[in-house]
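Notes follow the structure.
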4 protein chains.
Amino acid sequence: MSERRTHHPPQSTETSPKRSDARRNTQKILDAAATLFVTSGVDVSVRDVALEAGVGMGTLYRHFPTRADLIVAVYRHQVEACVEAGPALLSSEASPYAALRAWIHLFVEFLTTKHGLAAALQSDKPSFDALHAYFLDRLVPVCAGLVEAAAEAGEIRPDVEALELMWGVGSLCSNSNKELQVNARRLVDLLLTGLRRVAA
Amino acid sequence: MSERRTHHPPQSTETSPKRSDARRNTQKILDAAATLFVTSGVDVSVRDVALEAGVGMGTLYRHFPTRADLIVAVYRHQVEACVEAGPALLSSEASPYAALRAWIHLFVEFLTTKHGLAAALQSDKPSFDALHAYFLDRLVPVCAGLVEAAAEAGEIRPDVEALELMWGVGSLCSNSNKELQVNARRLVDLLLTGLRRVAA
Amino acid sequence: MSERRTHHPPQSTETSPKRSDARRNTQKILDAAATLFVTSGVDVSVRDVALEAGVGMGTLYRHFPTRADLIVAVYRHQVEACVEAGPALLSSEASPYAALRAWIHLFVEFLTTKHGLAAALQSDKPSFDALHAYFLDRLVPVCAGLVEAAAEAGEIRPDVEALELMWGVGSLCSNSNKELQVNARRLVDLLLTGLRRVAA
Amino acid sequence: MSERRTHHPPQSTETSPKRSDARRNTQKILDAAATLFVTSGVDVSVRDVALEAGVGMGTLYRHFPTRADLIVAVYRHQVEACVEAGPALLSSEASPYAALRAWIHLFVEFLTTKHGLAAALQSDKPSFDALHAYFLDRLVPVCAGLVEAAAEAGEIRPDVEALELMWGVGSLCSNSNKELQVNARRLVDLLLTGLRRVAA
DNA sequence: TATGAATGAGCTTTCATTCAT
DNA sequence: TATGAATGAAAGCTCATTCAT
């Protein structure tokens with residue numbers, strides 16, 4: 001997954017002609033947020049993020065006026081990598097369904113290593129609206145392309161919505177890494193298998 | 001409903017020989033909580049529950065030391081109904097898989113009508129530990145019975161864990177009620193269909 | 001000025017059948033607020049009031065949900081004393097104008113000893129709306145009675161509004177006790193003298 | 001307007017032999033401040049002023065170390081106009097009292113059209129000290145000249161202090177622009193009328 | 001000299017939990 | 001045993017002021 005492409009950098013964190021110290025702070029905040037998002041979820045207090053980053057609260061607000069801005073920035077690279085992986089897999093994999101399967105696995109890998117992200121994606125708090133918007137806008141079309149290709153190839157049932165599928169995958173990923181030995185990947189595979197035939 | 005088993009009676013509402021006024025308070029609190037859980041989810045503030053019940057906060061804490069105790073008590077009846085439905089469905093349905101499917105649908109119906117419950121079930125906050133424990137202890141064995149029967153009948157793949165399946169179902173139910181038209185039932189059906197064959 | 005009458009106690013601080021400790025806290029908060037209002041104005045931070053009173057912030061909010069509630073409570077006694085003094089002075093003084101004059105002096109005495117109150121009365125911050133409302137509702141009618149009596153007696157010009165007069169008096173009182181030797185009483189006397197004849 | 005006196009030139013805009021770009025910045029800031037003072041009062045945030053002026057915050061602070069310095073500079077012209085109007089009115093008006101009255105009206109006009117200025121003039125925050133100093137140093141002597149002339153002419157009572165009078169006028173102007181129909185001009189007229197005779 | 005990023009104390013408000021009554 | 005008043009930490013956010021660039 002190439003992380004450094006800038007095909008779609010709506011708010012690139014590295015291209016702005018900022019002062020170097022400001023850029024450094026932006027990065028410090030992103031790193032701190034990434035860390036804390038893993039351990040405490042994306043609901044983590046802004047004060048804690050600022051502390052972890054070693055910057056003042058005002059600095060955090062200057063760089064990321066809303067919580068959604070911060071979350072989007074933290075995960076932008078990975079999201080864009082997923083976006084790009086869709087068409088690529090369609091070319092490289094043996095069949096559309098294989099491509100869809102591989103792409104979903106990529107997405108699962110992403111979500112499950114970012115603990116709390118999946119949960120945040122499903123929060124209905126208004127402060128997360130921009131987060132939904134970004135993820136759905138970017139990823140659903142890609143997923144839809146794969147789903148349609150597989151459907152047209154007759155590999156999966158024809159009545160599956162990409163949004164619904166992604167939502168399901170996100171749900172399965174949002175709560176799996178506990179002491180219980182529940183494995184998101186296995187569950188998602190069940191879902192993917194379920195796509196292949198009409199309900200029994 | 002006969003309280004056949006007493007494996008986990010965190011706060012039995014009928015077996016303890018309490019004073020009648022204490023029992024009355026317990027019931028008032030349960031009624032209030034049930035009402036508020038519907039409208040505001042299981043995260044509703046304890047103060048609101050006490051107010052609705054018309055009791056003091058200390059009384060609420062005396063009867064239900066943790067939020068999990070309260071949730072468990074509120075949903076005990078329904079959980080036990082699920083427990084009993086398992087064997088019953090195995091007898092009444094046409095096949096073990098049909099019974100499993102019907103039972104899961106029962107569980108989905110339960111979870112999706114209790115706003116916030118599924119999410120609480122997957123919370124990793126320590127105050128919810130007792131909630132996990134109760135649900136899993138009561139329901140997983142029942143689910144396992146159905147899964148095993150279906151596996152032995154050759155209707156589903158043999159390597160499925162009941163805990164994992166229930167966890168997946170719970171996940172799919174915890175985040176479906178948005179303006180997005182995502183339907184937990186449809187997703188769960190996908191999962192159930194996926195059980196039928198080995199992964200492709 | 002009798003401070004303990006309870007003729008008009010819309011929210012008496014002493015008659016509520018509260019627990020004694022709660023009543024004690026109410027009084028501690030009122031005392032603290034009165035003190036801090038003098039030194040820091042009624043804009044003083046709620047945290048400071050709680051600290052000065054030796055109570056938690058939640059306690060302060062329990063007793064006085066809005067800042068206006070606190071201010072009104074602090075000054076209620078004196079306002080009500082002013083309300084009662086109006087008719088009394090009309091009876092006891094030699095003429096309506098003398099009564100008006102005496103009443104205004106009473107009001108000046110009140111305002112000038114409560115530094116910051118006059119200023120707050122003229123703030124246009126929404127949080128002070130209830131304060132305006134209370135003061136104007138209670139005092140303007142009383143003042144109007146005195147003004148009308150004096151006007152009917154031909155002692156003052158007939159075109160004076162009580163609200164305007166009180167507002168002027170309030171203004172003159174709001175900023176007089178600096179190191180500058182400006183005396184609100186003298187200025188108010190000028191205003192009262194100015195009432196007696198038409199403008200020259 | 002000739003800058004005849006240099007008693008208190010906290011930040012002269014024209015006498016210092018500054019570099020031309022610095023002078024340009026000074027002017028940009030003054031223009032921005034004048035604009036924002038009208039719309040948002042003199043309490044407007046310094047950041048907003050800097051933004052409006054198109055300069056950095058450091059530049060603003062360099063030119064006007066305190067808020068008072070900025071306010072003084074913005075209103076210098078009008079204050080000096082008042083200063084010059086005093087003797088002029090004494091010559092042109094029919095009597096010293098008429099001159100005093102006209103001059104006070106000039107001052108009222110000035111204050112009431114500058115939202116928040118009158119209030120700032122009466123603030124006891126240290127950052128406004130320079131503001132008091134400037135206004136009083138410049139205007140009180142002028143007012144005193146008019147008051148003395150009127151007193152010597154026997155038109156007003158002899159015991160009136162110019163400082164006190166101005167303070168009263170300032171107070172009456174500081175809080176009149178509400179939805180309440182309180183008119184500073186009318187109240188000031190009452191004060192001026194009150195000057196004419198001894199207290200009754 | 002000019003910039004504006006950074007600071008961080010400050011604000012109001014909420015709420016799970018405790019404990020004096 | 002029941003009450004609900006009291007607690008106080010925590011939250012998000014703002015803004016006057018400083019200082020590295």
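Residue numbers begin at 1 in each chain, while the letters A, B, ... track the order of the sequences. Fair warning: this is a prediction, and the values are worked out from it, not measured in the lab.
Considering only the side chain of A:Arg67, F:dG12 comes nearest among F:dG12, E:dA16, F:dT21. Nearest nucleotide to the D:Tyr61 side chain, out of F:dA16, E:dC11, E:dA16: F:dA16. Comparing atom distances between the A:Met57 side chain and each of E:dT13, E:dT18, F:dT14 picks out F:dT14 as nearest. With E:dA6, E:dT3, E:dA2 as the choices, the nucleotide that has an atom nearest any side-chain atom of D:His63 turns out to be E:dA2. Distances were taken from every side-chain heavy atom of C:Asp48 (C-beta onward) to each of E:dA16, E:dC11, F:dA11; the shortest belongs to E:dC11.
In this structure F:dA20 sits in a base pair with E:dT3, meeting the Watson-Crick or G-U test at under 3.5 Å. F:dG12 and E:dC11 make up a base pair, with Watson-Crick or G-U wobble contacts both under 3.5 Å.
Nearest-nucleotide assignment on DNA chain E puts the 5′-proximal partner with D:Thr59, out of A:Asn25 and D:Thr59. Comparing D:Ser45 and A:Val44 against DNA chain F, the residue whose closest nucleotide sits nearer the 5' end is A:Val44. With DNA chain E read from its 5' end, the first of the two nearest nucleotides for B:Gly58 and B:Asp43 is the one closest to B:Asp43. Remark on DNA chain F: of its neighbouring residues A:Thr66 and B:Gly54, the 5'-side contact belongs to B:Gly54, judged by nearest-heavy-atom nucleotide.
Side-chain N/O atoms of B:Arg47 include none lying less than 4.0 angstrom from OP1 or OP2 on E:dA16. Checking the phosphate oxygens (OP1, OP2) of F:dT1, a side-chain nitrogen or oxygen of B:Arg62 falls inside 4.0 Å.
Between the CZ atom of C:Phe64 and the P atom of E:dT12 there is a distance of 16 Å, given to the nearest Å. Rounding to whole angstrom units, CG of residue A:Asp21 and C1' of F:dT18 are separated by 14 Å. The CG-P distance, from D:Leu51 to F:dT14, rounds to 15 Å in whole Å. Atoms CZ (C:Arg24) and P (F:dA6) sit 10 Å apart, rounded to a whole Å. Note: CG (B:Asp69) to C1' (E:dA16) measures 15 Å, nearest angstrom. A straight line from CD1 of B:Ile29 to C1' of F:dG4 spans 14 Å, rounded to a whole angstrom.
Residues A:Leu121 and A:Tyr75 fail the side-chain proximity criterion, which asks for heavy atoms closer than 4.5 Å. Contact of the D:Glu52 side chain with the D:Val49 side chain is not registered, since no non-hydrogen atoms from C-beta on lie closer than 4.5 Å.
Separating the CZ atom in B:Arg62 from the CG atom in B:Leu60 is a distance of 12.0 Å, to the nearest 0.5 Å.
Smallest separation of non-hydrogen atoms from D:Asp48 and D:Val44: CB-CG2, 4.1 Å. Taking each heavy atom of C:His63 and C:Ile29 in turn, the nearest pair found is CD2-CD1, 3.9 Å.
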